[in-house]
Number of protein chains: 2
Amino acid sequence: MALSAQQILELWRRVLVADLRRDHPDLTARQFALLLHVYLTPPPHTVRGLSAALSLSKPVITRALDRLGRFDYVRRKRDQTDKRNVLIQRTIKGSVTLREFGDLAAEIAAPMQPPPVALTPPR
Amino acid sequence: MALSAQQILELWRRVLVADLRRDHPDLTARQFALLLHVYLTPPPHTVRGLSAALSLSKPVITRALDRLGRFDYVRRKRDQTDKRNVLIQRTIKGSVTLREFGDLAAEIAAPMQPPPVALTPPR
DNA sequence: CCCTACCGTTTCGGATGCGCAACGAACCAT
DNA sequence: ATGGTTCGTTGCGCATCCGAAACGGTAGGG
């Protein structure tokens with residue numbers, strides 16, 4: 001995946017702008033990173049583990065889970081083998097939402113020119 | 001740029017997670033989209049124009065500019081030919097910040113495998 | 001049994017964001 | 001001049017975020 005910094009910035013811009021138009025809940029960068037992490041890395045996921053993996057404090061994780069849970073993007077479940085732990089589980093709605101975002105981004109990436117030869121066109 | 005939805009999600013995750021660790025100001029998705037838009041699309045940029053381009057209300061643009069301006073990521077300048085307008089200008093610091101983000105993302109994208117053949121490894 | 005360690009949550013004060021509506025300043029046509 | 005239009009900003013009330021510290025519940029060693 002040879003992508004120049006310039007290309008990625010442009011891709012990022014288009015995806016963000018396109019995503020703004022959709023009316024799903026407005027997630028923080030942190031919340032979105034958390035959502036991606038839960039769905040793209042192998043379980044089990046605990047608050048402590050997520051806190052370490054994302055370099056975020058535990059309260060931040062707890063609150064992000066509150067919010068993601070309200071939208072049914074993730075679910076909490078007590079670990080029955082160690083009742084101190086909380087296991088974060090995926091949901092159908094969360095999968096669908098991420099899937100849509102991925103498809104949107106892929107559609108935007110597809111028609112983009114591989115190497116933008118001239119960065120600064122002559123004025 | 002043939003990127004699968006799966007690949008982009010993974011790329012997005014890694015970049016977001018890596019970006020969380022850096023200590024720059026925590027920008028909203030909207031604020032970051034605005035920042036990217038100002039730097040990647042040709043000027044001039046006005047509040048009204050940005051509002052239309054990003055599908056955000058004018059107050060949202062104004063407040064985002066307040067915040068971006070506080071970090072010196074952008075600057076406001078009255079349009080002298082039509083003093084109702086405000087022109088949004090780029091800054092050195094903003095360029096550097098975006099450049100760093102782009103480089104970070106490019107470094108993360110580089111070692112990623114082009115086609116992850118098996119999406120769900122057998123358990 | 002305790003006592004300690006660990007886990008996730010909650011509380012507190014303060015900062016920031018939003019939508020909606022109203023606002024002052026600048027422009028423009030008549 | 002003057003009335004209407006367009007520009008960006010601000011005020012209001014409410015929701016949400018944050019960091020730091022304290023909290024209750026669970027686990028595990030001695």
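Here is how names work: the chains are called A, B, and so on, in the same order as the sequence lines, proteins then strands, and each is numbered from 1. Values reported hereafter were calculated over all heavy atoms of this structure, with side chains retained and with hydrogens, waters and symmetry mates removed.
- The listed nucleotides are D:dG8, C:dG19, D:dC17; the one nearest the side chain of B:Arg48 is D:dG8.
- If you check every strand for non-hydrogen atoms under 4.0 Å, B:Asp82 touches sugar and phosphate atoms only.
- Under 4.0 angstrom from either OP1 or OP2 of C:dT16 there lies at least one side-chain N or O belonging to B:Arg70.
- Computed from coordinates, the A:Leu65 CG to C:dT10 C1' distance equals 15 Å when rounded to whole Å.
- The interatomic distance linking B:Arg78 (CZ) with C:dA26 (P) rounds to 8 Å, in whole Å.
- Applying the salt bridge (Lys or Arg N to Asp or Glu O under 4.0 Å) criterion to B:Arg13, with sequence neighbours excluded, gives B:Glu10.
- Note: A:His37 NE2 to B:Leu20 CG = 11.0 Å, rounded to the nearest 0.5 Å.
- If you take CD of B:Gln80 and P of D:dC7, they are 18 Å apart, rounded to a whole angstrom.
- The phosphate of C:dG19 has OP1 or OP2 within less than 4.0 Å of a side-chain N or O from B:Ser57.
- To the nearest angstrom, C1' of C:dG8 lies 9 Å from CD1 of A:Ile88.
- In this model, the phosphate group of C:dT9 is approached by a side-chain N or O of A:Arg76 to a distance below 4.0 Å at OP1 or OP2.
- At whole-Å resolution of the value, CD1 in A:Ile61 and P in D:dG19 are 11 Å apart.
- At least one side-chain nitrogen or oxygen of A:Gln31 sits closer than 4.0 Å to the OP1 or OP2 atom of D:dC17.
- In the set C:dC6, C:dT10, D:dG19, the nucleotide with an atom closest to the side chain of A:Pro59 is C:dT10.
- Minimum atom distance to the side chain of A:Lys83 is reached by D:dT26, of the listed C:dT9, D:dT26, C:dA26.
- For the pair A:Leu34 CG and D:dC17 C1', the computed distance is 15 Å after rounding to whole Å.
- Of the candidates C:dG8, D:dT26, D:dC18, the closest approach to any side-chain atom of A:Arg84 belongs to D:dT26.
- Note on ring orientation: taking the six-membered ring where Trp is involved, the planes of B:Trp12 and A:Trp12 are parallel (angle under 30°, cut-offs 30° and 60°).
- At whole-Å resolution of the value, CG in A:Asn85 and C1' in C:dC6 are 9 Å apart.
- With hydrogens and angles ignored, a donor-acceptor pair under 3.5 angstrom links the side chain of A:Arg63 to the base of C:dT11.
- More than 12 heavy atoms of other shown residues, nucleotides or ligands fall within 6.0 angstrom of atom CZ in A:Arg90.
- Residue B:Arg30 has a polar side-chain atom (N or O) positioned under 4.0 Å from OP1 or OP2 of C:dC18.
- Checked against D:dG8, C:dG8, D:dT16, the side chain of A:Arg67 finds its nearest nucleotide in D:dT16.
- For the pair B:Lys58 NZ and C:dC20 C1', the computed distance is 13 Å after rounding to whole Å.
- Each of B:Phe32, B:Tyr39, B:Tyr73 was compared with B:Phe101 under the ring-ring contact (aromatic ring centres under 6.0 Å, His included) criterion, and only B:Phe32 meets it.
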